[in-house]
Amino acid sequence: RQAHWDEMRSDVENRLPDEACGLVAGRDRCSILIYPIANSLHSPTRFRLDPQGQLDAMLSMEEQGLDMMAIYHSHPVGPSYPSLTDIKEAAYPDTLHLIWHPHQSDWYCRGYLIHSGVYEEVKLKILGDE
């Protein structure tokens, strides 16, 4: 949903210069909640979801009957696609990876599935908030 898209973008901007990260929860391929999570590495080139923040988010999803739809993070210093580290550390092969990257004076996001060391771009559709 557009509001969730905007929430992620805001998180990405507010966490500069570090990579932002978090989870997207939903149902039937539609987002319902965004869980911004601290980057425990505090790095502009790598991220690791804070373990307690990730656990809290996943327990909340389970309690609400939601699925983990996506993991989002930013690449403040590029690239717009999964890095070698992203590919190597991808732990959820059926979960979408949303990568936010700067372009001129705005942020853009692309979606990828990462499985067995290979990534594939996925078309994203942003829904209105009705």
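The structure displayed is predicted, hence computed values, not measured ones.
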Side-chain heavy atoms under 4.5 angstrom apart, residues restricted to Ile, Leu, Val, Met, Phe, Trp, Tyr: same cluster for [X] and [Y]?
X: Leu55; Y: Leu33; result: no
X: Leu41; Y: Val77; result: no
X: Tyr72; Y: Ile126; result: yes

I'd like to check [X] versus [Y] (side-chain heavy atoms, cut-off strictly below 4.5 Å). Are they in contact?
X: Cys109; Y: Trp5; answer: yes
X: Pro36; Y: Glu7; answer: yes
X: Ile32; Y: Gln64; answer: no

To the closest 0.5 Å, what do you measure between [atom1] ([X]) and [atom2] ([Y])?
X: Glu19; Y: Arg15; atom1: CD; atom2: CZ; answer: 11.5 Å
X: Leu66; Y: Ser60; atom1: CG; atom2: OG; answer: 7.0 Å
X: Met58; Y: Ile37; atom1: CE; atom2: CD1; answer: 8.5 Å
X: Met61; Y: Asp67; atom1: CE; atom2: CG; answer: 9.5 Å
X: Leu127; Y: His4; atom1: CG; atom2: NE2; answer: 10.5 Å
X: Tyr35; Y: Leu49; atom1: OH; atom2: CG; answer: 13.5 Å

Side-chain polar contacts of residues 85-103 - donor-acceptor pairs under 3.5 angstrom, sequence neighbours left out - could you list them?
unit_1, atom_1, unit_2, atom_2, d
Asp86, OD1, His73, NE2, 3.3
Asp86, OD1, Ser83, OG, 3.4
Asp86, OD2, His73, NE2, 3.2
Asp86, OD2, His75, NE2, 2.9
Asp86, OD2, Ser83, N, 3.0
Asp86, OD2, Ser83, OG, 3.2
Glu89, OE1, Arg46, NH2, 3.3
Glu89, OE2, Arg46, NH2, 2.4
Tyr92, OH, Gln54, NE2, 3.3

Closest approach of Asn39 to Arg48 (non-hydrogen atoms, all atoms of both residues): OD1-N, 3.2 Å
Summary of side chain to side chain donor-acceptor pair (under 3.5 Å) pairs that have at least one residue in residues 20-30, sequence neighbours excluded: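 Found none.
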Worked check of side chain to side chain contact (heavy atoms under 4.5 Å, CB included) between Phe47 and Ser40: CA-CA 7 Å; Phe47 83 98; Ser40 65; over 6 Å; no
Show me the donor-acceptor pairs within less than 3.5 Å that the side chains of residues 114-125 make with the rest of the protein, sequence neighbours left out.
unit_1, atom_1, unit_2, atom_2, d
Glu121, OE1, Arg110, NH2, 2.8
Glu121, OE2, Arg110, NE, 3.0

Neighbour count >12 (heavy atoms, 6.0 Å) for atom CG, Leu84: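 12 or below, so no.
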